[in-house]
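This report refers to the structure that appears directly beneath it.
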Amino acid sequence: MKRDELLKEMGLGPLWKLRPPFVKPSGPPREAPSLLSAAADERTRAIAAMGWAELRQAVAECTACALHKTRKQAVLGVGDIHAEWLFIGEGPGAEEDERGEPFVGQAGKLLDAMLAAIGLKRGENVYIANAVKCRPPNNRTPEASETAACWPFLARQIELIRPKLIVALGKPAAQTLLQQEVTIAKARGLVHDFAGIALIVTYHPAYLLRNLPEKAKAWEDLCFMRKTMAGLG
Ligand code: URA
Ligand code: SF4
């Protein structure tokens, strides 16, 4: 797809300004994050020692929260396990639950277009995961207890990938990573620090599909991500 077509698909024109402030994350880049608290329980410790194959099996068999009851299959994530970019969504929807891959429905098409807009492609230097690995019934927002139960898996993915930049798509992902209540409006346009890794927050593509005017802000955020990554060297 050409850039102009992409911008059109996103409902956007060609000229966009980057939003200040542009802040580098504190701490050395690409240092191994320590995500395991001293009080971690046995399950969390076990997950923190897993490799990819074990992780895949563990989420497939996981019954740590109620979402396991209604899933067809758990969806671990997809992409380059050595990626510099890590995108984190909310949780699988119907198509993802069916196919076992994140962001393959309508929101996924928009995410792919967003990636292409900044020269990225699913699977190439990009990994895509979700805050919860099992589909919430009727695509409801995952509860805090569910994102908490699923967190050790995401934490281990982050630790194994050690991306340069994490992009949280939407509120559940942002809150999971920032460990506080946030609004996207306030949290976007900043480089947050996640265990020494740069973290940028933006709107979820499913939200953008329902709120077309926000696509312009999403485009600003994409430019900001690209600029931030360039600054990370
Ligand atoms: N929305 C998400 O947050 N994740 C998916 O995988 C699909 C839709
Ligand atoms: Fe386990 Fe996560 Fe699925 Fe809950 S959502 S059952 S914690 S894999």
Side-chain angles (χ1 to χ4, degrees), residues 35 40-48 50 52-79 83 85-115 120 122-123 126-158 160 166-177 182 184 187 199-211 214-215 218 221:
L35 304 173
D41 61 15
E42 205 177 313
R43 168 178 175 262
T44 304
R45 286 184 182 285
I47 294 170
M50 287 179 183
W52 286 105
E54 292 168 291
L55 264 184
R56 190 166 293 281
Q57 173 149 6
V59 301
E61 294 169 354
C62 180
T63 56
C65 83
L67 296 182
H68 82 274
K69 293 183 196 161
T70 44
R71 73 176 173 222
K72 283 192 177 144
Q73 59 185 316
V75 180
L76 177 63
V78 71
W85 294 83
L86 171 61
F87 287 78
I88 302 175
E90 185 171 321
E95 290 200 51
E96 291 77 19
D97 183 52
E98 197 73 51
R99 289 174 50 186
E101 180 172 336
F103 284 100
V104 289
Q106 278 305 110
K109 287 200 182 108
L110 180 55
L111 178 60
D112 285 336
M114 290 163 73
L115 293 176
L120 298 174
R122 176 182 297 246
V126 177
Y127 192 92
I128 304 171
N130 279 309
V132 292
K133 311 308 187 200
C134 304
R135 181 194 179 197
N138 305 313
N139 298 343
R140 67 162 169 75
T141 303
E143 286 167 16
S145 63
E146 293 159 351
T147 52
C150 217
W151 167 246
F153 292 126
L154 181 58
R156 184 58 182 156
Q157 286 176 296
I158 295 171
L160 286 171
I166 299 174
V167 179
L169 301 164
K171 198 163 164 156
Q175 294 190 154
T176 299
L177 291 161
V182 298
I184 301 301
L199 166 66
I200 290 177
V201 167
T202 189
Y203 298 98
H204 191 287
Y207 171 84
L208 297 174
L209 290 171
R210 296 188 304 267
N211 299 272
E214 303 290 40
K215 278 192 181 180
D221 292 348

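Counting starts at 1 for both ligands and their atoms, in listed order.
- The shell of residues lying under 4.0 angstrom from ligand 1, judged by heavy atoms, excludes Ala206.
- Taking CE from Met50 and CZ from Phe153, the interatomic distance works out to 6.0 Å, rounded to the nearest 0.5 Å.
- Close contacts of ligand 1 with Pro102, meaning ligand atoms under 4.0 Å from a residue heavy atom, involve 6 (O).
- Protein heavy atom closest to atom 4 (N) of ligand 1, with residue, atom name and distance, is Asn130 OD1, 2.8 Å.
- Those atoms of ligand 1 that come under 4.0 Å of a heavy atom in Gly89, given as number and element, are 3 (O).
- Proximity of a side-chain donor or acceptor of Thr44 to a complementary backbone N or O of Ala40 within less than 3.5 Å is not detected.
- Closest of all the heavy-atom pairs between Ala131 and Thr147 is CB-CG2, 4.2 Å.
- Between the CG atom in Leu177 and the CD1 atom in Ile158 there is a gap of 5.5 Å [rounded to 0.5 Å].
- Shown here for Tyr203 and Leu169, the closest heavy-atom pair between the two residues is O-CD2, 4.0 Å.
- Under the side chain to side chain contact (heavy atoms under 4.5 Å, CB included) test applied with Leu209, the options Glu214, His204, Lys109, Gln106 reduce to a single match, Gln106.
- Residue contacts with ligand 1 do not include Glu101, since none of its heavy atoms lies under 4.0 Å from the ligand.
- Of all atoms in ligand 1, numbered sequentially from 1 with element shown, those under 4.0 Å from a heavy atom of His204 are 1 (N), 2 (C), 3 (O).
- Residues Lys133 and Gln73 bring no donor and acceptor atom of their side chains to less than 3.5 Å of each other.
- Shown here are the protein N/O/S atoms lying under 2.8 Å from atom 4 (Fe) of ligand 2, water excluded: Cys65 SG.
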key: Full working for salt bridge (Lys or Arg N to Asp or Glu O under 4.0 Å) between Glu101 and Arg122   = CA-CA 11 Å; Glu101 180 172 336; Arg122 176 182 297 246; 2.9 Å; yes
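- In terms of protein heavy-atom proximity, atom 5 (C) of ligand 1 is closest to Gly91 O, 3.4 Å.
- Around the CG atom of Asn138, the shell of radius 6.0 Å holds no more than 12 heavy atoms that belong to other residues, nucleotides or ligands.
- In this structure, the side chain of Glu61 does not engage the main chain of Ala58 through any donor-acceptor pair within 3.5 Å.
- Looking at Glu90 against ligand 1, both its backbone and its side chain come within 4.0 Å, counting heavy atoms.
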